[in-house]
Amino acid sequence: MAFAPSALADTTFSSNWGGYAAHRPGVNYRQVSGSWKQPGVSCVPGKQTYSAYWVGLGGYSPTSNALEQIGTEADCTSQGNAIVSAWYELVPAAAVPIAMPVHMGDTILATVVVSGHRVVLTLDDATRGRVFTKTLNAPAIDISSAEWIVEAPSNCVSGGGCNVLPLANFGSAGFTGAVARQVSGHSGSISDSAWGATRIALSPSGRRFVVLQNGSGGQAAAVPSALRSGGTGFTVAYSRVQISSALFASRRLLASVA
């Protein structure tokens with residue numbers, strides 16, 4: 001599919017991220033927001049698989065040492081059961097579970113706001129009328145990029161090594177209302193001319209993290225569509241077709257579901 005002029009974006013590849021990032025040298029962000037309908041996942045007994053959906057600031061640059069993010073997760077246990085949960089994370093710290101029930105099909109609105117080292121994280125389940133808000137002070141901050149991402153989470157050990165976990169079959173995930181705001185006050189969509197947009201395709205052959213194989217021997221990918229709705233929306237589709245990749249990874253730490 002050809003990209004519309006307003007939806008042009010560079011493309012890169014990641015072993016664990018699929019979606020879009022907004023960034024430009026000299027541009028710093030104060031806020032990122034977006035919404036999605038919580039995808040379901042297709043589970044098979046004997047196969048543990050994982051998927052996360054989030055918005056965040058930072059973490060895109062290869063030299064980044066921080067990432068402020070909040071979102072949801074849909075995983076499959078080894079018994080073939082689906083588990084949906086919510087979380088937030090201020091990398092390099094570990095992810096923190098949010099005690100707010102989330103169900104497949106719920107409409108989720110997420111926002112991250114950073115001012116200095118003060119981080120305000122909000123997750124709104126519009127379907128259930130539940131809102132979680134957390135204000136924290138983070139020792140490390142990165143506001144050089146804004147992201148809207150579907151992720152294959154990683155399991156990291158104390159020695160620093162990380163394995164990208166098998167991606168759950170989520171079918172498709174649609175992001176809407178994707179907007180970022182600069183520190184200067186300017187707000188815009190992913191495709192706003194004040195910054196550049198990078199389309200990120202999740203490919204199992206990405207470097208840095210070891211990708212675990214699915215039990216059938218196939219590997220999964222997640223491919224974002226072209227931008228639509230003036231650059232505020234796109235869809236990420238699950239695929240078992242491997243696509244080529246280049247170096248791109250985050251250091252997300254997410255505990256494995258037993």
S.K.: Kindly say whether Asn16 contributes a backbone atom to a donor-acceptor pair with the side chain of Ser14 at under 3.5 angstrom?
M.R.: yes

S.K.: Examine Tyr88 and Met100 and state if one hydrophobic cluster contains both, with Ile, Leu, Val, Met, Phe, Trp and Tyr joined whenever side-chain heavy atoms are less than 4.5 Å apart.
M.R.: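 Yes; Met100 is reachable from Tyr88 via cluster members.
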
S.K.: Do any N or O atoms from the side chain of Glu68 and from the backbone of Asp142 form a donor-acceptor pair under 3.5 angstrom?
M.R.: yes

S.K.: Would you please indicate if the ring centroids of Trp17 and Trp54 are separated by under 6.0 Å?
M.R.: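 Judged by ring-centre distance (under 6.0 Å), Trp17 and Trp54 do meet the cut-off.
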
S.K.: Do Gln182 and Asn28 have side-chain heavy atoms sitting under 4.5 Å apart?
M.R.: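 Sidechains of Asn28 and Gln182: no contact.
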
S.K.: Check for a donor-acceptor pair, side chain of His117 on one end and backbone N or O of Ala138 on the other, with a separation under 3.5 Å.
M.R.: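 Indeed, once roles are kept as given, a pair shorter than 3.5 Å links the two residues.
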
S.K.: Taking the side chain as C-beta and beyond, is there a heavy-atom pair between Thr127 and Gln38 under 4.5 Å?
M.R.: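 Side chain of Thr127 against side chain of Gln38, heavy atoms only: no contact under 4.5 Å found.
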
S.K.: Checking Asp125 against His103: is there a side-chain donor and acceptor pair closer than 3.5 Å?
M.R.: no

S.K.: Examine Leu136 and Val96 and state if one hydrophobic cluster contains both, with Ile, Leu, Val, Met, Phe, Trp and Tyr joined whenever side-chain heavy atoms are less than 4.5 Å apart.
M.R.: yes

S.K.: Ser145 and Arg24: side-chain donor and acceptor closer than 3.5 Å?
M.R.: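 No donor-acceptor contact under 3.5 Å links the two side chains.
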
S.K.: Side chains of Val119 and Leu90, heavy atoms from C-beta outward: is any pair under 4.5 Å?
M.R.: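 Yes, at least one pair of side-chain atoms sits under 4.5 Å.
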
S.K.: Under a 4.5 Å side-chain heavy-atom rule over Ile, Leu, Val, Met, Phe, Trp and Tyr, are Tyr60 and Val179 clustered together?
M.R.: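 Per the 4.5 Å side-chain linkage, Tyr60 and Val179 are not co-clustered.
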
S.K.: Does any non-hydrogen side-chain atom of Ser33 lie less than 4.5 Å from one of Val55?
M.R.: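 No - every pair of side-chain heavy atoms lies 4.5 Å or more apart.
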
S.K.: Kindly indicate whether the side chain of Thr49, heavy atoms from C-beta on, has any atom under 4.5 Å from the side chain of Val41.
M.R.: no

S.K.: Does the side chain of Gln48 come under 3.5 Å of the side chain of Tyr50 through a donor N or O and an acceptor N or O?
M.R.: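 Side-chain D/A pair, Gln48 to Tyr50: present.
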
S.K.: Evaluate the side-chain proximity of Arg181 to Val32: yes if any heavy-atom separation is below 4.5 Å, no if none is.
M.R.: no

S.K.: Quick one, Thr235 with Arg228, criterion side chain to side chain donor-acceptor pair (under 3.5 Å). Give me CA distance, side-chain angles, the key distance, then yes/no.
M.R.: CA-CA 9 Å; Thr235 299; Arg228 58 179 181 270; 2.7 Å; yes

S.K.: Is there a continuous path of hydrophobic side-chain contacts, each under 4.5 Å between heavy atoms, that joins Met104 to Phe175?
M.R.: yes

S.K.: Given side chains that start at C-beta, do those of Trp148 and Phe234 come closer than 4.5 Å, heavy atoms only?
M.R.: yes

S.K.: Take Asp106 and Lys37, measure what salt bridge (Lys or Arg N to Asp or Glu O under 4.0 Å) needs, and give me the verdict at the end.
M.R.: CA-CA 6 Å; Asp106 286 1; Lys37 184 176 180 180; over 6 Å; no

S.K.: Determine the minimum heavy-atom distance between Thr111 and Ile70, stating which atoms define it.
M.R.: O-CG2, 4.0 Å

S.K.: Would you kindly confirm whether Val113 and Ile190 end up in one hydrophobic cluster when ILVMFWY residues are joined by side chain heavy atoms under 4.5 Å apart?
M.R.: no

S.K.: Among Thr72, Thr107, Thr176, which residue meets the side-chain hydrogen bond (donor to acceptor under 3.5 Å, both in side chains) test with Trp36?
M.R.: Thr72

S.K.: For the ring pair Trp195 and Tyr29, is the centre-to-centre distance below 6.0 Å?
M.R.: yes

S.K.: When you compare the side chains of Asp10 and Thr198, does any donor N or O come within less than 3.5 Å of an acceptor on the partner?
M.R.: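 Judged by distance alone, the side chains do not pair up.
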
S.K.: Does one side chain, of His23 or Ser144, offer a donor that lies under 3.5 Å from an acceptor on the other?
M.R.: no

S.K.: Check the angle between the aromatic planes of Tyr53 and Phe170 and answer parallel, tilted or perpendicular using the 30° and 60° thresholds.
M.R.: perpendicular

